[in-house]
Amino acid sequence: MSKTVNLTYLFTCLLVLSTKLLAQNHISAYVFDIGNNTAVSNAAILVENTEKGTYTDNKGYFELHDLSKNATIVISKIGYETIKVLSSTIGDTIYLTPQTNNLKETVIRGFSSSQLKKIAPDQIYFSKKDIEKLPFILGEKDVMKLLQLTPGIQPASEGQSGLLVRGGNASMNLTLLDDVYLHNIAHLGGLFTAINSDFVHSLSFSKAGFDSRFGGRLSSITEINTLKKPQKTTFNGSIGLLAAKITGNIKLNEKSSLLVSGRRSYLEVLKPFIDDEESILSDNKNYFLYDFLTKYRYEFNAKNSLEAFTYLTRDSFFDKTKERNRKLSWGNFLVGANFKHSYSDKLYSKTTLSNSLYKFEFSDKNFPFDYNTISTFDNFSVKHTLVWNWNEKLLKLGGNFDINSTLPKRISATVDNIPVVVENQVSFQFKEMALFGDLETPISKKIHLKAGLRLINYSLDSNAIVEKNNFFEYEPRISLKYDFKPQNAFKLSYQRLSQFIHQATVPGLSLPIDFFVTSTKDIKPQIANQISAGYIHEHNSFQFNSSVYYKKVTNYTEFVNGALNNLFNSNIYNDIAVGELDSYGIELSINKKINRLTLQSALTLSRSIAHFDAINQGKNFAVTFDRPINLNTVLRYQLNDRIELGALFIYTSGQAFTRPKDVRIINEEPILSFERINASRFPDYHRLDLSCTYSFKPKKKWNSKLNLTLYNVYSQKNPFNIYYEIDGDLSQSFSISEVRETLFPFIPTINWLFSF
């Protein structure tokens, strides 16, 4: 009770400090290009039916005073579509859409945002327009798939959850939805992700040069912002063979709006047409997902607004092939609120209060046990950020307080239907308190600096396994950009990051079976030091990006026997080995648009090598998520005003794993002996998708499209699980046979997409 009162008091104080109610006769905002998120200068701002107006400055900023209630503001500039908005609906940022034309070569970039304006390297921004240009994958335009098509990032493997970013595992990525922590981003480990792109307004991604307001992860930061308050109510959705979804952005009145979005899959409808026992769509397997989001926004006046939202995701999977009884379910439940307040035209604040819960359940047979396990991760957070923009300088200051609880596993088991007493793993609780600051400023006409510092205090509560403990970590971040020629820039960054949680995974099974444990006196926080350098060239519709990086992780952890073999271990800390990880690579990408054709291609060459004194006899080895080669290419061709063609090709090295080399009989039981750790690899992953989209003629307020997607055109059987069976009679002769489980063969699907 006391904790709740204290937290409520803290949040109330933050709101009071942020609140300064002003009259509605003054507005201020920034005007940005929706395609590349850059400021639009010299845009004309006019109050309709009056002579009052102004222009945006070189940062896209403007302000107007002495306005009548609900005045109509007209915003225009040559090369952009003119828009009209009510003064009462204007938020912090207004986006203009570039006008298209019929020139032989368009100057609007085809796929990714401009890197020239950003100081830090390897930071990406995608607008709603970028998402609309995505290729279709099983009838979906998935915003997280857009990230996987950029260099240095890839899905873990066929069926695996999460992203692999510069040698990091899935636990090293931080994902925020409207500034609220999202623990698991995958549906069915990657075919769908937990983000329905229909409700996404923009996405920002960083793999270097992190803002200091972000911490707790070593590899990447993904910020996803949901749709803003609409000028008028809109609905959009789709109905297809595999899934259906609908999103409504509803304008309730001049001050409030409601965003509602839902999605549900029904892959089971394809089962009668799939003749492949190893596929997830076979008769004895089943899978479905759903997710649901609601967000309510209320504007008190031109300077104060409140957003509150909930988000729920759920996956369910069972497998009863070959006498199995495997069941999995996992999901997130998020609740959050954001309060924004402008103190002046150059100073504003944002306060966030949130709670995020992730729950995973897994049951199976592991001779001689039938068992069920539950794992959870719970995060409660309060964050306050102050942003000051003046004289081409940007300063961000703030702090956050988090309470985290994790239950690595809770087991119930039986042998021949007789309950077994299991000494369960206890739950762990730790707190994080951080102060942070960032400054962006020009040093000269060609050189820009971004510097930040994050100070963290980590406090672990005691339980039956660990003692109370505290850590203090400091995280400096610095980035430089040198514009040595027009449309050309060099970038350099260094950052130190710390992570207080450690992940145990199942190396051979590509499903989200993982446990999280906290840092202790003996298992120190993981620390990453990364240096990154890049060169960027952009001209008209051509963009070339290149980066090299080196990252060293100390106190890097591996679970010697994996997650499954620790199911009945009451203290899985006994199975943790501590070592080091070195990751390095080169990343290249090009984007080009000519006439009706858009090309995007990305290549990553990298290595991720670990060293443990207690593993592999002290010799270096490639970690499970090491992918030396990753290549993808996307083509889009606008055949005419109605028909759009698309193609996507992906190739990546197979994940490393440890293969058994022989079998021995000990006490009349077969015992496998294994080769050197991660000496083998899954077959290389590759896949080709094709799509065709036909746009029907618009009818008043109604628009619709019909999409045909051919997923995995040549039906490549990419394995998501490799296991081994012992064949034969132990008293005579026997052998080891390899079994490969696949997920998705060639799948054609049709989707009808609509908006009104």
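Worth saying up front: this structure is predicted, and the values here are computed from it rather than measured.
Going from atom OH of Tyr348 over to atom NZ of Lys303 covers 12.0 Å, rounded to the nearest 0.5 Å. Note: Ser755 OG to Asn703 CG = 4.5 Å, rounded to the nearest 0.5 Å. Atom-to-atom distance recorded for Thr97:OG1 and Ile83:CD1 is 7.5 Å, nearest 0.5 angstrom. Remark: Lys592 NZ to Gln543 CD distance equals 11.5 Å, nearest 0.5 Å. Once rounded to the nearest 0.5 Å, the distance linking CZ of Phe542 with CD1 of Ile594 reads 10.0 Å. From Ile45, atom CD1 reaches atom OG1 of Thr54 across 7.5 Å, with rounding to the nearest 0.5 Å.
In this structure, the side chains of Ile73 and Ile27 come closer than 4.5 Å at one or more pairs of heavy atoms. Two residues are said to be in side-chain contact when any heavy atoms from C-beta on lie closer than 4.5 Å; Leu64 and Val47 meet this criterion. A 4.5 Å side-chain heavy-atom check between Leu710 and Leu708 finds at least one atom pair inside the cut-off. Side-chain contact check for Val31 versus Phe62: some heavy-atom pair is nearer than 4.5 Å. Within the 4.5 Å cutoff, side-chain heavy atoms of Asp178 are placed close to those of Asn225. Side-chain atoms of Lys251 and Lys232, non-hydrogen and from C-beta on, never get closer than 4.5 Å to each other. Side chains of Ser305 and His341 form no contact here, defined as non-hydrogen atoms less than 4.5 Å apart. Side-chain atoms of Ser257 and Pro230, non-hydrogen and from C-beta on, do get closer than 4.5 Å to each other.
Taking every heavy atom of both residues into account, Thr604 and Gly152 meet most closely at OG1-N, 2.7 Å.
Looking at Tyr95 and His201, their side chains never bring a donor and an acceptor atom within 3.5 Å of each other. Side chain to side chain, Ser261 and Asn196 meet the donor-acceptor criterion of an N or O pair below 3.5 Å. A donor-acceptor contact closer than 3.5 angstrom is absent between the side chains of Tyr290 and Arg314. Defined by atom type and a distance below 3.5 Å, a donor-acceptor pair is missing between the side-chain atoms of Asn712 and Ser715. Defined by atom type and a distance below 3.5 Å, a donor-acceptor pair is missing between the side-chain atoms of Ser691 and Thr709. With 3.5 Å as the limit, one finds no donor-acceptor pair spanning the side chains of Thr310 and Lys295.
A perpendicular orientation is assigned to the rings of Tyr298 and Phe300, their planes being inclined by more than 60° (bins at 30° and 60°). Below 30°, between 30° and 60°, or above 60°: for Tyr651 and His686 the angle between ring planes is below 30°, a parallel geometry. Using a 30° and 60° split on the angle between ring planes, Phe32 and Tyr30 fall in the perpendicular class, above 60°.
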* To do: Walk me through it: do Ile221 and Phe205 pass the test side-chain contact (heavy atoms from CB on, under 4.5 Å)?
  => CA-CA 6 Å; Ile221 307 295; Phe205 179 84; over 6 Å; no
* Check step by step if side chain to side chain donor-acceptor pair (under 3.5 Å) holds for Ser206 and Gln123. => CA-CA 4 Å; Ser206 302; Gln123 294 191 333; 3.2 Å; yes
* To do: Before giving the answer on salt bridge (charged side-chain N to carboxylate O under 4.0 Å, His left out), spell out for Lys383 and Asp179 the whole-Å C-alpha distance, their side-chain angles and the decisive distance to 0.1 Å.
  => CA-CA 9 Å; Lys383 181 189 296 184; Asp179 225 18; 3.6 Å; yes
* Output, in order, the C-alpha distance, side-chain angles, deciding distance and verdict of side chain to side chain donor-acceptor pair (under 3.5 Å) for Thr352 and Asn338. => CA-CA 5 Å; Thr352 302; Asn338 291 299; 2.5 Å; yes
* To do: Take Thr82 and Ser76 through the side chain to side chain donor-acceptor pair (under 3.5 Å) test and state the conclusion after the steps.
  => CA-CA 5 Å; Thr82 299; Ser76 63; 4.6 Å; no
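Applying the side chain to side chain contact (heavy atoms under 4.5 Å, CB included) test to Asn332 and every residue at least two apart in sequence or in another chain returns Leu182, His183, Asn184, Thr313, Leu334, Tyr358.
Between Thr222 and the choices Thr175, Ile195, Leu177, the side chain to side chain contact (heavy atoms under 4.5 Å, CB included) rule is met once, by Thr175. Considering Phe235, Phe309, Phe292, Tyr311 in turn, Tyr311 is the only one that fulfils the ring-ring contact (aromatic ring centres under 6.0 Å, His included) rule with Phe199. Partner of Asp291 under the side-chain hydrogen bond (donor to acceptor under 3.5 Å, both in side chains) criterion, out of Arg263, Lys245, Arg264: Arg263 alone.
Side chain of Asn249 to main chain of Lys229: no donor-acceptor pair is present (N/O by atom type, distance under 3.5 Å, no hydrogens or angles). In this structure, Lys359 contributes its side chain and Ser329 its backbone to no donor-acceptor pair below 3.5 Å.
At most 12 non-hydrogen atoms from other residues, nucleotides or ligands lie less than 6.0 angstrom from OH of Tyr55. Residue Asn640 qualifies as enclosed at atom CG: its count of foreign heavy atoms under 6.0 Å is above 12.
A salt bridge between Glu644 and Arg596 is absent, with no side-chain N of the basic residue lying under 4.0 Å from a carboxylate O of the acidic one. Taking the charged nitrogens against the carboxylate oxygens, Lys255 and Glu299 have no contact shorter than 4.0 Å, which rules out a salt bridge.
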